[in-house]
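The block underneath contains the structure these notes are about, expressed in structure tokens.
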2 protein chains.
Amino acid sequence: MPSDNTAESSSDQTLGQLAYDRIRLDILKGQFRPGSPLRLQALKDRYGFSFSPLREALNRLQSEQLVVSYAARGFRVTKISTTEMWDAIETRILIDCEAFRRSIRTGDDDWEGRVMGSLHKLSVCFERNLKLGHAATEEQTTQLEDRHRAFHGALISASGSNWMTVFSTQLYNQTQRYRWPYFTTEGGNIFLKQSYLAEHKQIAALAVARREDEAVAMMAKGFRRTGEIIESLLNGEDEVARGT
Amino acid sequence: MPSDNTAESSSDQTLGQLAYDRIRLDILKGQFRPGSPLRLQALKDRYGFSFSPLREALNRLQSEQLVVSYAARGFRVTKISTTEMWDAIETRILIDCEAFRRSIRTGDDDWEGRVMGSLHKLSVCFERNLKLGHAATEEQTTQLEDRHRAFHGALISASGSNWMTVFSTQLYNQTQRYRWPYFTTEGGNIFLKQSYLAEHKQIAALAVARREDEAVAMMAKGFRRTGEIIESLLNGEDEVARGT
DNA sequence: AAATCTGGAACTTTCGAAAATATTCCCGAG
DNA sequence: CTCGGGAATATTTTCGAAAGTTCCAGATTT
């Protein structure tokens with residue numbers, strides 16, 4: 001079954017690349033608790049890579065703020081907290097909305113195609129999940145996340161700005177960290193909410209209709225609403241709520 | 001002579017840290033031509049670090065878009081071009097202006113102090129440079145750049161957003177790459193233009209006067225004008241103008 | 001002459017161990 | 001009992017060499 005994401009797919013990846021991909025995914029999925037140390041020996045045992053590629057991966061993740069390092073004391077998963085989450089969300093609104101605006105203004109047929117195409121793939125997946133009525137398997141959730149990411153990528157893919165794309169991706173990664181732990185719960189799984197899919201359909205419709213302000217406003221609202229859902233769930237937990 | 005920047009200064013840096021700092025600085029100063037390969041042996045000879053710390057540094061720089069890597073073919077300095085420059089400038093305007101706005105709205109006495117203090121240090125340096133009337137030494141230019149960076153950092157230092165700060169720094173680095181090569185030329189050295197200092201003084205004045213819109217507008221205008229100066233100089237050169 | 005092999009040099013990437021640095025734990029002094 | 005001191009242990013960081021790729025030039029074939 002062919003993969004969904006737009007990976008570069010060249011068969012010649014270095015081990016460092018692979019290690020980077022796998023560790024990043026595991027952090028995004030919360031396999032390592034935020035704030036916990038990433039010991040090299042443990043990573044070696046887990047993935048089978050040796051020190052060099054692991055170090056390579058960790059250094060890159062450090063620049064992307066998924067990992068922090070302390071001189072001679074190794075690496076840790078970056079902590080999470082509601083203030084950190086809101087910072088990521090509000091900054092993403094700043095970036096994505098501007099990139100979205102530009103795309104709506106200058107996007108051509110190809111862009112519209114990407115938007116509607118990725119929306120369709122998201123919908124298919126989404127409805128399968130809705131029909132299930134409960135938390136899906138890990139693999140299904142992964143696919144849903146991938147397609148959700150692809151859809152948001154498509155929306156801003158005609159911005160013409162490389163930097164906005166890079167930053168958007170980085171912030172998407174951050175927010176995914178907050179979403180993922182709740183995909184197993186009823187109330188927290190946004191992919192189980194009918195309204196969430198409807199909202200995305202409407203954003204796409206407004207986009208191709210070139211109704212810029214409405215589209216952008218709806219996107220921003222969606223980001224904030226997701227934040228509120230997560231926040232209410234986070235407040236129910238001890239460990240994270242008082243994130244130092 | 002104590003350093004100007006707000007480095008963490010702890011005496012215990014790893015070699016990887018050091019290598020990262022030095023290579024980054026050399027890229028920003030154009031010591032390596034954009035697009036040129038960064039061979040490990042050459043870097044080892046130049047800095048005296050061995051492969052591991054060098055690799056560490058290069059991987060981090062890759063995440064910050066200062067170098068690109070090709071699997072099993074090593075690292076290169078990322079290319080420059082006018083379109084890349086304008087993307088960095090416009091994205092920086094988006095980020096910095098929002099962060100500036102927030103700082104003006106919520107900044108306290110400490111923030112005002114940082115703004116006026118860093119402005120003063122910049123002015124002193126600037127005027128010494130102006131008095132010289134010609135291109136300064138490398139060391140003087142470095143100090144000027146450091147203080148210029150510190151001033152812009154101070155302006156947005158009360159934004160409350162970690163992400164905006166991170167992105168702003170990254171974009172500042174990019175734009176510095178374009179400025180630096182022209183510090184040795186009469187027409188291109190912005191630090192030799194009286195108006196450039198006056199503008200910065202005015203931005204600071206408007207900021208502490210909480211005249212938000214005017215301050216932000218002037219900042220954006222300044223960024224764009226610098227871009228135009230660089231662009232006109234770049235067009236005079238072959239190699240860079242047709243950046244693929 | 002154009003295109004395709006092939007061998008070796010130049011580099012990059014990876015490994016495993018040595019060196020350097022932090023952390024833990026135990027013990028004795030106050 | 002509490003508080004350092006200091007060896008023993010755990011971990012990170014760095015090194016140099018081995019393994020694996022790419023690149024290039026020259027020979028060989030179409």
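Labels below follow one simple rule: chain letters A, B, ... track the order of the sequence lines, proteins then strands, and each chain is numbered from 1.
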Under 4.0 Å from OP1 or OP2 of D/dC23: is there any side-chain N or O of B/Arg73 that close? yes
Starting at CZ of B/Phe51 and ending at P of D/dG16, how long is that distance when rounded to a whole Å? 10 Å
Does A/Ser50 have a side-chain nitrogen or oxygen under 4.0 Å from the phosphate oxygens OP1 or OP2 of C/dC15? yes
I need the CD-P distance between A/Gln62 and D/dT12, as an integer number of Å. 14 Å
For A/Phe126 and A/Phe191, take the angle between the two ring planes, folded into 0 to 90°, and tell me which bin it lands in: parallel under 30, tilted 30 to 60, perpendicular over 60. perpendicular
Send over the distance from A/Leu54 CG to D/dT11 C1', rounded to a whole Å. 14 Å
Whole-Å gap separating P (C/dT14) and OH (A/Tyr47): 16 Å
CZ of B/Phe49 versus P of C/dA19: gap in Å, rounded? 20 Å
So do A/Ile95 and A/Gln170 actually touch side chain to side chain, heavy atoms under 4.5 Å? no
Round to the nearest Å and state the distance from B/Arg39 atom CZ to C/dA10 atom P. 11 Å
Select one nucleotide: of C/dC11, C/dT14, D/dT12, the one nearest the side-chain heavy atoms of A/Leu15. C/dT14
Describe the nucleic acid contact of B/Leu40 in one word from base, sugar-phosphate, nothing, applying a heavy-atom distance below 4.0 Å. base
Distance-only, no hydrogens or angles: does the A/Thr14 side chain make a donor-acceptor pair with backbone N or O of B/Ala72 under 3.5 Å? no
Figure out the CG/C1' separation between B/Leu18 and D/dC15, and round it to whole Å. 17 Å
Take the protein atom CD of B/Glu56 and the nucleotide atom C1' of C/dT12, then report the distance between them rounded to whole Å. 17 Å
Report the nucleotide, chosen from D/dG16, C/dT14, C/dT21, that has the shortest atom-to-atom distance to any side-chain atom of A/Ala72. C/dT21
Judged by nearest nucleotide, the residue sitting upstream toward the 5' end of DNA chain D, A/Leu38 or B/Lys44, is A/Leu38
Taking any heavy-atom pair under 4.0 Å as a contact, classify B/Phe75: base, sugar-phosphate, or nothing. sugar-phosphate
Salt bridge check: are B/Arg60 and B/Glu56 linked by an N-O gap of less than 4.0 Å? no
Check whether the side chains of A/Glu145 and A/Trp180 place a donor and an acceptor atom closer than 3.5 Å, and report yes or no. no
Ignoring the backbone of A/Ser52, work out which of C/dT14, C/dC15, D/dT14 is nearest its side chain. C/dC15
